There are 2 protein chains.
Amino acid sequence: MVRRTRLDASDCPVARSVDAIGDWWSLLIVRDAFDGSRRFGEFQRGLGVAKNILTTRLRSLVAGGVLEVVPASDGSAYHEYVLTPKGRDLFPVVVALRQWGEAHFFAPGEPRSELVDREHGRPLSPLEIRSAEGVPLGAEDTVVRKVS
Amino acid sequence: MVRRTRLDASDCPVARSVDAIGDWWSLLIVRDAFDGSRRFGEFQRGLGVAKNILTTRLRSLVAGGVLEVVPASDGSAYHEYVLTPKGRDLFPVVVALRQWGEAHFFAPGEPRSELVDREHGRPLSPLEIRSAEGVPLGAEDTVVRKVS
DNA sequence: CCTTACTGGTTGCAAGATGCTACCAGCCTC
DNA sequence: GAGGCTGGTAGCATCTTGCAACCAGTAAGG
């Protein structure tokens, strides 16, 4: 058995998250879902992914509780894929990745897509890590602890 | 050419980030680096990954500017892998994934690792998405815009 | 020194994942 | 009811992943 390693039983939440959405396309599907895509064809055109790959990814996201299948909103006989509450909770992950990409992979003035406040049309403020008391923290101010 | 699709030229920052660290092991290596791992063997034992896989992942993270190779801190002839500033900027991504995993993949009381404030030993507060004005936003309050 | 263990890999092979191109069965539209 | 959309499957080639074996340079003990 040489299958891809499973980490869904790891005691680290990061590992379980990566196990659920850590493959290549899943997060981009979620990104497009946040951006309004609902139909198979929308995801396929938006991502440029092969249809068989998209099929397996959508199925695994549905199985993982990130997306759910609902009847089409336009009354046709087809169905649509929408984010569950669990899927919508991925918003900070997508925003964090977006901000990291913006900061490190684009030359100034290079064309890009940008996530903005719908009301004012301005970019979001950078994510901040804060303690329970609300004090901003850096990575060096934190430590991983085992809990049982 | 059937190689894995490259997204490093996409105009979406999320896609470029995923292209850089979106494979299975890279983010876990970064997580362990935040947790203090520096040596090849530490990563290997911490992750349980095959050595050839770890070799390629470390190389691509170094090539991508996330890790850098430095002489061993204990004076031996070996070298170590440490996060660059770009790599440390991934902290919000790791924290976001961790919080999502904690919220959705653990039964109450199930053993887990936890990220806490070093000073007080308490879990961090949940990440919040905020507008430029500091107003908390949900996914539905944002929209993606093309910039050129 | 000399031997032995550790560190940090490389190599070869088996099997799974990815991707492309057909192909196809329901819909829906005219 | 003909033709085009929608949402897939199937087959095949190639790439990636993973295990195990092997190996050179370094450190440590005697």
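Letters A, B, ... are given to chains in the order of the sequence lines, protein chains preceding strands, and every chain is numbered from 1. In this text the structure is predicted, and so the values were computed from the model without any measurement.
- Rounded to the nearest 0.5 angstrom, A/T142 OG1 and B/L115 CG are separated by 4.0 Å.
- When each of A/S76 and A/T56 is assigned the nucleotide of DNA chain C with its nearest heavy atom, A/T56 is the one assigned upstream, toward the 5' end.
- Looking at heavy-atom distances under 4.0 Å, A/Y81 makes contact with sugar-phosphate atoms alone, never a base.
- Using cut-offs of 30° and 60° on the angle between ring planes, the pair A/F34 and A/F91 is tilted.
- Residue A/D23 contributes atom CG, which lies 11 Å from atom P of C/dA17 at whole-angstrom precision.
- Ring pair B/Y81/B/H79 is perpendicular by interplanar angle, where above 60° counts as perpendicular and below 30° as parallel.
- Atom-to-atom, CZ of A/R57 to P of D/dT9 comes out at 14 Å; the value is rounded to the nearest Å.
- Rounded to an integer number of Å, the gap from CD1 of B/I53 to P of D/dT16 is 11 Å.
- Minimum heavy-atom separation, B/P126 to B/Q99: CA-OE1, 3.4 Å.
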- Message: Let's go through B/R16 and A/E110 carefully: what are the C-alpha distance in whole Å and the side-chain angles of both, what is the deciding distance for salt bridge (charged side-chain N to carboxylate O under 4.0 Å, His left out) to 0.1 Å, and is it a yes or a no?
- Response: CA-CA 13 Å; B/R16 293 201 190 182; A/E110 192 177 358; 2.9 Å; yes
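- In this structure, the CD atom of A/Q44 is 11 Å from the P atom of D/dT6, given to the nearest Å.
- Here the CZ atom belonging to B/F43 is positioned 9.5 Å from the CD atom belonging to B/E80, to the nearest 0.5 angstrom.
- For the residue pair A/R118 and B/V143, the shortest heavy atom distance occurs at CA-CG1, 4.1 Å.
- Proximity of B/R59 to the phosphate of C/dT10: a side-chain N or O atom is located under 4.0 Å from OP1 or OP2.
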What are the atom names and distances for every N/O pair under 3.5 Å that joins the protein to nucleotides 21-25 of chain D?
unit_1, atom_1, unit_2, atom_2, d
D/dG25, N2, B/Y78, OH, 3.2

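- Note: B/L124 CG to A/E133 CD = 10.0 Å, rounded to the nearest 0.5 Å.
- Regarding A/F43, its CZ atom lies at a distance of 15 Å from the C1' atom of D/dG8, rounded to whole Å.
- Note that the two end axes of the helix from C/dC1-D/dG30 to C/dC30-D/dG1 enclose an angle of 30°, each drawn from 5 base pairs, rounded to 10 degrees.
- The nearest whole Å value for the distance from the CZ atom in A/R38 to the C1' atom in D/dG7 is 17 Å.
- Side chain to side chain, B/D23 and B/S26 meet the donor-acceptor criterion of an N or O pair below 3.5 Å.
- Rounded to an integer number of Å, the gap from B/D74 CG to C/dC6 P is 16 Å.
- Rounded to whole Å, the distance from CG on A/N52 to C1' on C/dC24 is 15 Å.
- Side-chain nitrogen and oxygen atoms of A/H79 include none within less than 4.0 Å of the OP1 or OP2 phosphate oxygen of C/dC27.
- Each of B/L58 and A/W25 has a nearest nucleotide on DNA chain C; the 5'-most of these lies closest to B/L58.
- Regarding contacts with the backbone of C/dT7, every side-chain N or O of B/R39 stays at 4.0 angstrom or more from both OP1 and OP2.
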